[in-house]
Amino acid sequence: AARNGEDGVRGYVPSMGQIFLRRFQLVTQFRQALESGQIEVHYQPKVALPGKRIVGAEALVRWSHPEYGRLSPDEFVPVVEATGLVDALTEFVLERALVRIRDWLERGLRLSVAVNLSVRNLADETFPERVREAFDRHGVPPGLLTFELTESSVMADPDRSLPVLRRLRALGVVLAVDDFGTGYSSLAYLRQLPVDEVKIDKSFVLGMGTDLSDMAVVRSIVELGHSLELSVVAEGVEDDSARDQLVRMGCDTAQGYLISRPLSEERFESWLWARTTR
Ligand code: C2E
Ligand code: CA
Ligand code: CA
Ligand code: CA
């Protein structure tokens, strides 16, 4: 149905039926999209504070859909996550990540890649063994791979996810809690999670410049993380003043548009090249 906007187009709002149809299409088209190269992995650099040394990148998926154009992962990942297809997505991203890490190692660069996990991976007791097999196959040291997981994905079924996390960690993979601060039970559970790193949710980092309470939240997460001997990463670092504040707070790592947007594999390579040869 069309809402009456000024031009009758801008106010267009899809009906429930259209939303369901589109979601249904995304699910049915996803595997084909993976196989035909419509799904790409982009990389967003992470730098060690206070300097600019690059330590790695987060892998973020993009879908160039033939009909709908460039789709945001916020639209299709939740839809794919509701189906078994997310296993294929994680495997795809993990394979790409391991190929990149291996390629960099061969050129003398030790960079890590962070891969986002879904709640289904954490409930899958066969997942750690498949990850181990992938490391062997690619000859990559597990310490160069980070898995990012949200607190709510762990807490959905802790009896299943905690053993999976412990086995992943025993392989030597780095584990990070993503979007930290958005779950309501954050502080109580962080201590019990078998993780190495905490990522401050970008909403707080983005708000730091204008909202004192966001600033206070960021500061307390940095302190809490350090008191638990965790490395602290800030995402959503968009300007110098946010970066300077994070440096003052002692935050370990920064990621955000200030450093770079997520880049295609080729563009990330040129970005890296420009950085490391300068
Ligand atoms: P996320 O894991 O929290 O990823 C960070 C998001 O913040 C990314 O959005 C990134 O592009 C964006 N971002 C980075 N720096 C800045 C900044 O300075 N300012 C602002 N405003 N945003 C910034 P993106 O790429 O759209 O991904 C959205 C979400 O989709 C991710 O949130 C993650 O939950 C999910 N996702 C992406 N790739 C994968 C994947 O391979 N597997 C799974 N399971 N989920 C994924
Ligand atoms: Ca993430
Ligand atoms: Ca995040
Ligand atoms: Ca998120």
Side-chain angles (χ1 to χ4, degrees), residues 26 30 33-34 38-47 56-64 70-98 100 112-124 127 131 145-154 156 161 174-183 186 195 197-210 214 218 221 232-243 245-246 251 253-265 267-268 271:
L26 295 186
F30 186 74
L34 265 184
Q38 289 171 27
I39 310 283
E40 276 187 14
V41 181
H42 285 209
Y43 297 88
Q44 186 178 34
K46 292 185 182 178
V47 298
E58 177 173 5
L60 295 158
V61 283
R62 300 289 179 256
W63 183 348
S64 304
R70 172 67 62 89
L71 294 178
S72 152
D74 280 330
E75 176 173 17
F76 69 85
V77 170
V79 174
V80 169
E81 264 179 346
T83 71
L85 287 171
V86 77
D87 293 340
L89 172 65
T90 302
E91 192 186 303
F92 177 82
V93 180
L94 178 64
E95 285 294 315
R96 290 301 172 89
L98 294 175
R100 293 304 336 120
S112 75
V113 176
V115 170
N116 291 285
L117 292 189
S118 107
V119 61
R120 272 182 107 93
N121 302 129
L122 300 181
D124 177 0
F127 183 64
V131 171
L145 190 84
T146 300
F147 281 131
E148 297 189 359
L149 36 113
T150 62
E151 210 180 8
S152 54
S153 69
V154 177
S161 59
V174 178
L175 298 183
V177 186
D178 203 355
D179 302 347
F180 191 75
T182 55
S186 300
V195 297
E197 191 177 288
V198 50
K199 265 188 114 165
I200 309 171
D201 189 69
K202 62 176 175 293
S203 60
F204 304 111
V205 180
L206 291 170
M208 254 197 319
T210 49
D214 284 339
V218 172
I221 297 176
V232 182
V233 182
E235 64 178 14
V237 182
E238 290 192 355
D239 53 44
D240 284 314
S241 87
R243 183 193 170 281
Q245 285 292 345
L246 290 162
C251 185
T253 309
Q255 174 184 346
Y257 296 168
L258 174 69
I259 298 122
S260 169
R261 290 188 175 253
L263 302 170
S264 69
E265 206 174 292
R267 295 190 62 199
F268 185 83
W271 185 91

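As the structure lists them, so they are numbered: ligands from 1, and atoms in each ligand from 1.
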Visitor: My understanding is that only one of Tyr43, Phe268, Tyr257 makes a side chain to side chain contact (heavy atoms under 4.5 Å, CB included) with Pro262; could you say which?
Guide: Tyr257

Visitor: Mind telling me whether Phe76 and Trp63 have parallel, tilted or perpendicular rings, with 30° and 60° as the class edges?
Guide: perpendicular

Visitor: Search all heavy atoms of Pro73 against all heavy atoms of Val61 and return the closest pair with its distance.
Guide: CG-O, 3.5 Å

Visitor: Determine whether the side chain, the backbone, both or neither of Gln44 has a heavy atom under 4.0 Å from any heavy atom of ligand 1.
Guide: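 Side chain only.
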
Visitor: Numbering the atoms of ligand 1 from 1, which are under 4.0 Å from a heavy atom of Glu81?
Guide: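 So the atoms of ligand 1 that pass are 44 (N).
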
Visitor: Can you list the ligand 1 atoms lying under 4.0 Å from a non-hydrogen atom of Glu235?
Guide: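 Those of ligand 1 that fall under 4.0 Å from Glu235 are 3 (O), 5 (C).
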
Visitor: So which of Lys199, Lys46, Arg100 actually passes salt bridge (charged side-chain N to carboxylate O under 4.0 Å, His left out) with Glu58?
Guide: Lys199

Visitor: Side chain, backbone, both or neither: which applies to Leu60 and ligand 1 if a contact is any heavy-atom pair less than 4.0 Å apart?
Guide: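 Answer for Leu60: both.
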
Visitor: Would you compute the distance between atom CG of Asp178 and atom OG of Ser153 and round it to the nearest 0.5 angstrom?
Guide: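 OG of Ser153 is found 9.0 Å from CG of Asp178.
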
Visitor: Please report the closest heavy-atom contact between Val218 and Val205, naming both atoms and the distance.
Guide: CG2-N, 4.2 Å

Visitor: Which of the numbered atoms in ligand 1 are under 4.0 angstrom from any heavy atom belonging to Glu58?
Guide: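 Within the 4.0 Å cut-off of Glu58, ligand 1 contributes 2 (O), 4 (O).
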
Visitor: Out of curiosity, is His42 lining ligand 1, as in a heavy atom under 4.0 Å away?
Guide: no

Visitor: Counting heavy atoms only, which of Val41, Asn121, Val61 is nearest atom 40 (C) of ligand 1?
Guide: Val61

Visitor: Restricting to non-hydrogen atoms, name the atom on Val232 and the atom on Cys251 that form the minimum distance, rounded to 0.1 Å.
Guide: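 Shortest heavy-atom contact: O-SG, 3.5 Å.
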
Visitor: Which of the numbered atoms in ligand 1 are below 4.0 angstrom from a heavy atom of Asp74?
Guide: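 Reading through ligand 1 atom by atom, the close ones are 28 (C), 29 (C), 30 (O).
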
Visitor: Within the structure, does Tyr257 bring an N/O atom to less than 3.5 angstrom of an N/O atom in ligand 1?
Guide: yes

Visitor: What pair of heavy atoms forms the shortest contact from Val93 to Ala59, and how long is it?
Guide: CG1-CB, 3.8 Å

Visitor: Can you name the residues that form a side-chain contact (heavy atoms from CB on, under 4.5 Å) with Arg267, not counting sequence neighbours?
Guide: Leu263, Ser264

Visitor: Atoms of ligand 1 less than 4.0 Å from Val93 heavy atoms?
Guide: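 Close to Val93: 41 (O).
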
Visitor: For the Ca ion (ligand 2), which protein N/O/S atoms fall under 3.0 Å? Skip waters.
Guide: Glu58 OE2, Asn116 OD1, Glu148 OE1, Asp178 OD2

Visitor: What atoms of ligand 1 come closer than 4.0 angstrom to any heavy atom of Gly256?
Guide: 15 (N), 18 (O)

Visitor: By number and element, which atoms of ligand 1 are closer than 4.0 Å to a non-hydrogen atom of Arg62?
Guide: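 With Arg62 as reference, the close atoms of ligand 1 come out as 11 (O), 24 (P), 25 (O).
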
Visitor: Does some non-hydrogen atom of Lys202 fall short of 4.0 Å from ligand 1?
Guide: yes

Visitor: Considering residues at least two apart in sequence or located in another chain, which fulfil the side-chain contact (heavy atoms from CB on, under 4.5 Å) criterion with Ser203?
Guide: Asp201

Visitor: Counting from 1, what ligand 1 atoms have a heavy atom of Glu238 closer than 4.0 Å?
Guide: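 Reading through ligand 1 atom by atom, the close ones are 17 (C), 18 (O), 19 (N), 20 (C), 21 (N).
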
Visitor: Counting only nitrogen or oxygen atoms and a 3.5 angstrom limit, does Asn116 reach ligand 1?
Guide: yes

Visitor: For the residue pair His42 / Glu40, report whether a side-chain donor-acceptor contact shorter than 3.5 Å exists.
Guide: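 Indeed, the side chains of Glu40 and His42 share at least one donor-acceptor pair under 3.5 Å.
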
Visitor: Testing Val131, Asn116, Leu122 one by one against Phe147 for a side chain to side chain contact (heavy atoms under 4.5 Å, CB included), which residue passes?
Guide: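 Among Val131, Asn116, Leu122, the one meeting side chain to side chain contact (heavy atoms under 4.5 Å, CB included) with Phe147 is Val131.
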
Visitor: Determine the minimum heavy-atom distance between Ser260 and Pro45, stating which atoms define it.
Guide: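 Scanning both residues, the minimum pair turns out to be CB-CG, 3.6 Å.
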
Visitor: Taking all non-hydrogen atoms of both residues into account, name the closest pair between Thr90 and Asn121 and its distance.
Guide: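 Smallest interatomic distance, heavy atoms only, reads OG1-OD1, 2.9 Å.
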
Visitor: Is it the side chain, the backbone, both or neither of Asp179 that has a heavy atom closer than 4.0 Å to ligand 1?
Guide: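 Near ligand 1, Asp179 shows its side chain, while the N, CA, C and O stay back.
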
Visitor: For Glu81, what residues pass the side-chain contact (heavy atoms from CB on, under 4.5 Å) criterion, not counting sequence neighbours?
Guide: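 With sequence neighbours excluded, Glu81 shows a side-chain contact (heavy atoms from CB on, under 4.5 Å) to Val77, Val86, Ser118, given in chain and number order.
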
Visitor: Would Arg261 count as a contact of ligand 1 if the rule is a heavy atom under 4.0 Å away?
Guide: no

Visitor: Heavy atoms only, cut-off 4.0 Å: how does Asp178 contact ligand 1, side chain, backbone, both, or neither?
Guide: side chain

